[in-house]
Amino acid sequence: LASANDINHGQAHDAKSDVEATIGLAKRLRDLNPKIFNELLKLNSTAEAKKLFNTESPQPLIYTSYRIPSDFAKASLILPLCQHPERNNYVLAWDLRVSPREFLDLSVEQLTKRAFANWHELKKLNLKRLPVMEIALNKAPTALVIDWLDKQAEENIKLTAKQASANQQLITSDLVDKLRQVYKNKPPYKAEDVEAQLYDSFIQEEDRPLLSQARRAKGKDLAEMNIHFKDKRYSELFFRYKARNALEHLSHKEKQRWQQYKLDKLNNSDWNISSFRKKLEKLNLKKDQEDQFEEYLDNLLPYQNNSLF
């Protein structure tokens with residue numbers, strides 16, 4: 001973004017440079033459209049955000065979020081539905097890009113599955129994700145009243161006010177009541193992969209010396225080390241640590257296990273080679289950039305095709 005707007009970013013990821021680039025982008029946005037900039041700046045106030053996301057007399061809003069696909073310019077039209085039943089300063093909102101028709105007669109249990117099942121499970125069952133967003137009003141949500149939606153914006157987000165209005169008319173109070181129940185009983189988030197579970201709980205004291213012992217070991221000593229951790233997360237993490245740091249010393253069976261893990265990551269995760277290539281096709285990259293990415297992907301293809309196993 002900085003480069004595209006002729007803003008000097010200096011050292012990317014350096015704290016000072018990142019702040020300066022962010023300020024530069026903010027100035028650029030303000031200069032391009034000071035009215036929109038000021039409207040969005042108001043939403044730093046939770047009180048102002050509550051006025052905009054009024055659930056008593058809800059009106060459609062233009063809403064931008066990193067969760068919305070880039071195909072739609074990261075934006076959609078939403079309708080605030082109700083206060084979140086469990087979280088202060090949160091509201092539930094419906095993505096008006098999606099018709100509520102197929103969700104109206106579903107039970108709370110069925111809606112819950114559509115809301116919280118993982119991507120792979122929904123795909124396997126051929127189910128559509130429940131198009132409800134949990135929006136934090138105390139985190140400066142990026143939203144505007146629908147009056148700002150012009151023809152160009154409709155083209156950019158591939159959604160018209162008329163389409164959104166038609167979907168809004170189908171939302172019933174019964175559906176909203178069921179959604180309150182769905183989010184009141186929201187299951188706690190549990191990451192499937194152990195490397196995404198690091199913040200689930202603190203390290204147990206009994207495991208601290210064992211982790212230090214593991215970090216000190218090298219080469220063959222590391223590969224042959226067997227440690228029984230009290231925290232079950234560390235058994236798998238320790239195996240991956242050994243594979244990344246002493247692969248040549250692992251047994252044949254352990255090497256196969258590691259190769260299978262990498263193969264699954266490349267093919268079965270949300271960010272696999274196939275989906276990455278599709279995303280690249282939509283970026284309209286310059287020729288040299290495209291050639292560079294293609295070279296990276298070609299280097300990964302033997303893993304994807306399982307020819308290295």
Side-chain angles (χ1 to χ4, degrees), residues 13-15 66-67 84 86-87 90 109 112-125 127 129-130 134 136 139 182-277 279 296-297 299-309:
H13 305 303
D14 171 77
Y66 71 92
R67 294 186 178 91
H84 197 293
E86 291 292 324
R87 307 180 73 177
Y90 274 73
E109 183 180 356
T112 299
K113 177 173 282 294
R114 301 285 190 105
F116 306 124
N118 63 47
W119 178 82
H120 295 294
E121 188 175 356
L122 289 177
K123 184 178 180 181
K124 183 178 179 180
L125 298 172
L127 296 177
R129 172 76 67 191
L130 184 68
E134 299 174 88
K139 296 182 180 179
V182 167
Y183 285 88
K184 185 174 180 61
N185 300 308
K186 180 178 179 179
Y189 173 73
K190 180 70 173 179
E192 293 184 8
D193 188 78
V194 67
E195 292 189 33
Q197 298 172 8
L198 296 180
Y199 296 102
D200 286 2
S201 61
F202 293 111
I203 299 172
Q204 299 191 44
E205 289 301 320
E206 298 93 325
D207 286 336
R208 288 185 183 277
L210 299 177
L211 291 168
S212 297
Q213 181 185 344
R215 288 196 300 272
R216 288 194 299 269
K218 306 294 181 186
K220 188 176 181 181
D221 290 339
L222 173 61
E224 295 178 351
M225 183 178 288
N226 289 313
I227 299 179
H228 299 287
F229 295 99
K230 186 169 184 179
D231 189 326
K232 294 179 180 179
R233 291 175 297 174
Y234 291 112
S235 296
E236 177 62 21
L237 286 172
F238 184 46
F239 164 72
R240 296 183 192 180
Y241 179 79
K242 290 196 290 185
R244 288 169 176 140
N245 292 277
L247 181 61
E248 65 274 20
H249 298 292
L250 295 184
S251 68
H252 177 68
K253 187 175 181 180
E254 288 173 322
K255 288 178 180 177
Q256 285 186 317
R257 175 182 167 187
W258 176 242
Q259 300 287 48
Q260 186 60 51
Y261 165 75
K262 292 192 292 183
L263 183 63
D264 290 342
K265 275 290 183 183
L266 286 170
N267 288 302
N268 301 328
S269 68
D270 293 350
W271 292 96
N272 54 50
I273 294 177
S274 177
S275 65
F276 185 59
R277 190 182 292 277
K279 291 179 186 298
Y296 294 151
L297 292 175
N299 289 334
L300 290 174
L301 281 177
Y303 289 93
Q304 185 183 32
N305 297 331
N306 202 16
S307 60
L308 295 185
F309 300 93

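Just so it is clear, the model here is predicted, and its values are computed rather than measured.
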For the student: nearest non-hydrogen atoms of [X] and [Y], plus distance:
X    : Y    : value
Y241 : A214 : CE2-O, 3.9 Å
R129 : L122 : CZ-CD1, 3.2 Å
G219 : A246 : O-CB, 3.5 Å

Side-chain contact, heavy-atom cut-off 4.5 Å: [X] with [Y]?
X    : Y    : result
Y234 : I227 : no
E86  : K186 : no
H228 : F238 : no
F229 : L211 : yes
N185 : T112 : no

Could you state the interatomic distance from [atom1] ([X]) to [atom2] ([Y]), rounded to the nearest 0.5 Å?
X    : Y    : atom1 : atom2 : answer
L222 : L250 : CG    : CG    : 8.0 Å
M225 : H249 : CE    : NE2   : 13.0 Å
Q213 : D221 : CD    : CG    : 11.0 Å
R215 : N245 : CZ    : CG    : 12.0 Å
Q204 : K230 : CD    : NZ    : 5.0 Å
K255 : E248 : NZ    : CD    : 7.5 Å

One pair to check against side-chain contact (heavy atoms from CB on, under 4.5 Å): Y90 and K139. What are the steps and the verdict? CA-CA 10 Å; Y90 274 73; K139 296 182 180 179; 3.5 Å; yes

Can Q259 and K262 be counted as having a side-chain donor-acceptor contact under 3.5 angstrom? yes

Kindly write out the residues that satisfy ring-ring contact (aromatic ring centres under 6.0 Å, His included) with Y261, not counting sequence neighbours, or none if the list is empty.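 Partners of Y261 under the ring-ring contact (aromatic ring centres under 6.0 Å, His included) test: W258.
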
Evaluate whether atom NZ of K113 has more than 12 neighbouring non-hydrogen atoms of other residues, nucleotides or ligands under 6.0 angstrom away. no

Suppose we screen for salt bridge (Lys or Arg N to Asp or Glu O under 4.0 Å). Which residues come up paired with R233, at least two apart in sequence or across chains? D231

Please, which pairs that meet salt bridge (Lys or Arg N to Asp or Glu O under 4.0 Å) have at least one residue in residues 235-245, sequence neighbours excluded?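 Every pair satisfying salt bridge (Lys or Arg N to Asp or Glu O under 4.0 Å) with a residue in residues 235-245: D193-R240, E195-R240, E195-R244, E236-R240, E236-R257.
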
Checking R208 against E205 for the side-chain contact (heavy atoms from CB on, under 4.5 Å) test, could you report, in this order, the C-alpha distance in whole Å, the side-chain angles of both residues, the deciding distance, and whether it holds? CA-CA 5 Å; R208 288 185 183 277; E205 289 301 320; 3.1 Å; yes

